[in-house]
Amino acid sequence: MIRFGLCCISLKLKEQGLSHQTMTYKRFSSLPREEALKILGERIQNNLMVTNETIKFCAENNYVYRVSSDIFPLITYDEANVSLEDLPNYDEIQDEFDNIQSTISNSTVRVTCHPSEFNVLASSNQKAVDKTITELNFYSSFFDRIGLPADYSSPMNMHIHNKNGSHYEIIDRFMTNFKRLDENCRNRLVIENDDKLNCWSVAELITFFHNKTNIPITFDYLHHKCHPNGLDEESAIKMCHNTWHGYKPLFHYSESRPGNNPRAHADYAEIPFETYGLDFDLDMELKAKDLAIEKYEQICKGILV
DNA sequence: ACCAGTCAAGGAAGC
DNA sequence: GCTTCCTTGACTGGT
């Protein structure tokens with residue numbers, strides 16, 4: 001059965017006052033360190049509480065959930081030099097990890113993540129690669145701490161997002177750096193097709209990347225529409241579906257926001273998607289978040305049985 | 001109370 | 001070899 005996925009935020013919960021908080025390095029470094037750590041700790045604790053409530057919300061609605069990439073501001077930021085253990089409310093933060101673990105184990109919510117586009121494993125900039133590895137390992141260790149399996153049922157999704165060199169050079173760089181990741185992180189990592197022309201299409205990911213690495217490919221409907229590279233939707237999604245080693249794939253759906261940029265995401269989706277007889281989960285990348293899912297479920301009645 | 005500007009990141013594109 | 005744009009939601013500071 002296909003389930004829809006909520007990405008990061010519920011607008012219904014936001015209305016009730018539950019929202020994420022952040023802290024910039026500029027702000028952090030302008031305060032005395034003790035005060036800065038206190039504020040940062042409180043915000044991280046809040047973000048974990050909100051994450052827990054959002055997972056409960058997904059459990060009630062039978063959604064899968066993509067956790068926010070901004071739960072832990074500054075924690076992997078070199079200049080800030082902070083680890084969770086430095087925060088004065090570290091014990092309370094550990095309690096929140098336990099609460100999340102308990103919520104997940106008492107439900108069937110599938111939990112996933114999509115680190116930001118600034119994580120580039122195939123970059124030729126060594127510093128960017130090092131930061132990426134730190135960030136991915138940290139998020140994977142977070143997944144470990146909340147009891148998620150180290151396999152593709154809790155995928156960590158990324159783009160290649162680099163075209164510096166030939167396909168082979170980029171894949172070589174990717175694999176060299178991939179091998180430096182923690183094992184649990186490697187076992188969760190999946191790669192998504194890009195929406196920009198002359199970046200990585202499904203056709204290229206299958207032909208060049210998957211065949212060499214065996215890493216699953218995430219199919220994104222809108223990205224494929226923007227950058228089909230000669231491949232029709234049905235062939236593309238079926239090829240991607242075949243790369244998941246028997247795990248239920250997690251794909252992405254969105255529609256273009258009216259305007260000049262077809263890659264921009266709409267508030268709501270209006271066109272039923274094609275399943276082509278396949279089973280998968282589907283993250284809904286729409287600005288109106290859970291409100292959009294609710295509306296789209298009505299539109300898709302009949303194909304979701 | 002509200003609104004505009006700021007923040008953080010890597011890469012691509014355009015001078 | 002610069003600057004600007006892309007993207008995101010929340011913070012920040014000025015009215």
Side-chain angles (χ1 to χ4, degrees), chain A residues 6-31 35-36 38-51 54 66-82 113-136 138-139 157-165 169-170 173-174 177 191-201 220 222-223 226-227 252 254-257 259-267 283-292:
Chain A
L6 178 69
C7 296
C8 309
I9 286 166
S10 156
L11 294 189
K12 285 187 185 176
L13 293 182
K14 192 175 178 180
E15 248 176 49
Q16 297 169 27
L18 289 172
S19 58
H20 291 93
Q21 292 179 289
T22 190
M23 191 174 194
T24 61
Y25 180 64
K26 186 165 182 163
R27 177 78 176 137
F28 181 88
S29 56
S30 76
L31 295 168
E35 190 185 346
K38 183 167 179 289
I39 295 172
L40 181 62
E42 286 166 356
R43 291 183 180 179
I44 289 175
Q45 190 182 333
N46 168 75
N47 292 346
L48 290 168
M49 181 272 291
V50 171
T51 299
T54 311
R66 175 195 298 179
V67 298
S68 166
S69 304
D70 303 313
I71 297 173
F72 305 97
L74 303 177
I75 288 300
T76 58
Y77 192 65
D78 248 8
E79 285 83 342
N81 192 28
V82 188
C113 70
H114 189 354
S116 85
E117 68 199 279
F118 305 109
N119 291 287
V120 185
L121 214 41
S123 177
S124 35
N125 169 355
Q126 198 54 45
K127 202 180 163 198
V129 170
D130 291 344
K131 288 170 81 167
T132 298
I133 288 172
T134 302
E135 176 74 7
L136 294 180
F138 177 81
Y139 250 78
N157 180 74
M158 309 182 60
H159 292 270
I160 302 278
H161 197 243
N162 185 289
K163 53 167 207 164
N164 187 0
E169 287 165 343
I170 295 169
R173 281 203 304 274
F174 182 95
N177 298 326
I191 293 295
E192 173 185 355
N193 60 310
D194 256 306
D195 55 359
K196 289 195 179 113
L197 299 176
N198 70 36
C199 246
W200 289 75
S201 64
D220 183 303
L222 180 60
H223 294 177
C226 294
H227 184 23
H252 298 174
S254 189
E255 290 175 18
S256 299
R257 161 178 299 274
N260 297 328
N261 181 2
R263 298 193 307 276
H265 292 177
D267 293 338
D283 271 352
M284 300 301 290
E285 296 182 327
L286 298 159
K287 302 283 185 190
K289 304 291 179 182
D290 43 332
L291 306 180

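The shown structure was predicted, so the numbers you read here are calculated from the model rather than taken from an experiment. Order of the sequence lines sets the chain letters (A, B, ...), proteins ahead of strands, with each chain counted from 1.
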For a quick test of reading the model: is some side-chain N or O of [X] closer than 4.0 Å to OP1 or OP2 of [N]?
X	N	answer
Lys127(A)	dG10(B)	no
Arg27(A)	dT12(C)	yes
Asn125(A)	dG10(B)	no
Tyr25(A)	dA9(B)	no
Lys14(A)	dG9(C)	no
Lys163(A)	dA13(B)	yes
Lys196(A)	dT7(C)	no
Ser68(A)	dG9(C)	no

Round to a whole Å and report the spacing from [atom1] of [X] to [atom2] of [N].
X	N	atom1	atom2	result
Gln126(A)	dG10(B)	CD	C1'	15 Å
Leu74(A)	dC7(B)	CG	P	14 Å
Met23(A)	dT6(B)	CE	P	20 Å
Leu286(A)	dG9(C)	CG	P	12 Å
His265(A)	dC6(C)	NE2	C1'	12 Å
Glu135(A)	dA8(B)	CD	P	15 Å
Ile160(A)	dA12(B)	CD1	C1'	17 Å
Asp195(A)	dG11(B)	CG	P	16 Å

Taking the side chain of [X] as its heavy atoms from C-beta onward, which of [options] lies nearest to it?
X	options	answer
Phe118(A)	dA8(B), dC11(C), dT7(C)	dT7(C)
Gln21(A)	dC11(C), dT8(C), dA9(B)	dC11(C)
Thr24(A)	dG9(C), dA8(B), dG10(B)	dA8(B)
Arg43(A)	dG9(C), dC11(C), dA9(B)	dC11(C)

- [ ] Specify the closest pair of heavy atoms between Asn47(A) and Ile71(A), including all atoms of both residues, with the distance to one decimal.
- [x] ND2-O, 3.0 Å

At 4.0 Å (heavy atoms only), tell me whether [X] reaches a base, stays on the sugar-phosphate, or touches nothing.
X	value
Ser123(A)	sugar-phosphate
Thr22(A)	sugar-phosphate
Asp70(A)	nothing

- [ ] Check whether any side-chain N or O of Asp290(A) sits under 3.5 Å from a backbone N or O of Lys12(A) as a donor-acceptor pair, and report yes or no.
- [x]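 Side chain of Asp290(A) to backbone of Lys12(A), a donor-acceptor pair under 3.5 Å: yes, one is there.
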
Task: Side chain Arg66(A), main chain Cys7(A), donor-acceptor under 3.5 Å - done: no

Task: Sole candidate of Ile133(A), Leu136(A), Thr134(A), Thr132(A) that passes side-chain contact (heavy atoms from CB on, under 4.5 Å) when paired with Thr76(A) - done: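 It is Thr134(A); the other options fail the test.
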
Task: Carboxylate-amine/guanidinium proximity below 4.0 Å for Glu42(A) and Lys38(A) - done: yes

Open item on the list: Just to verify, which of His265(A), His114(A), His223(A) counts as forming a ring pair (Phe, Tyr, Trp, His ring centres under 6.0 Å) with His252(A)?
Closed with: His114(A)

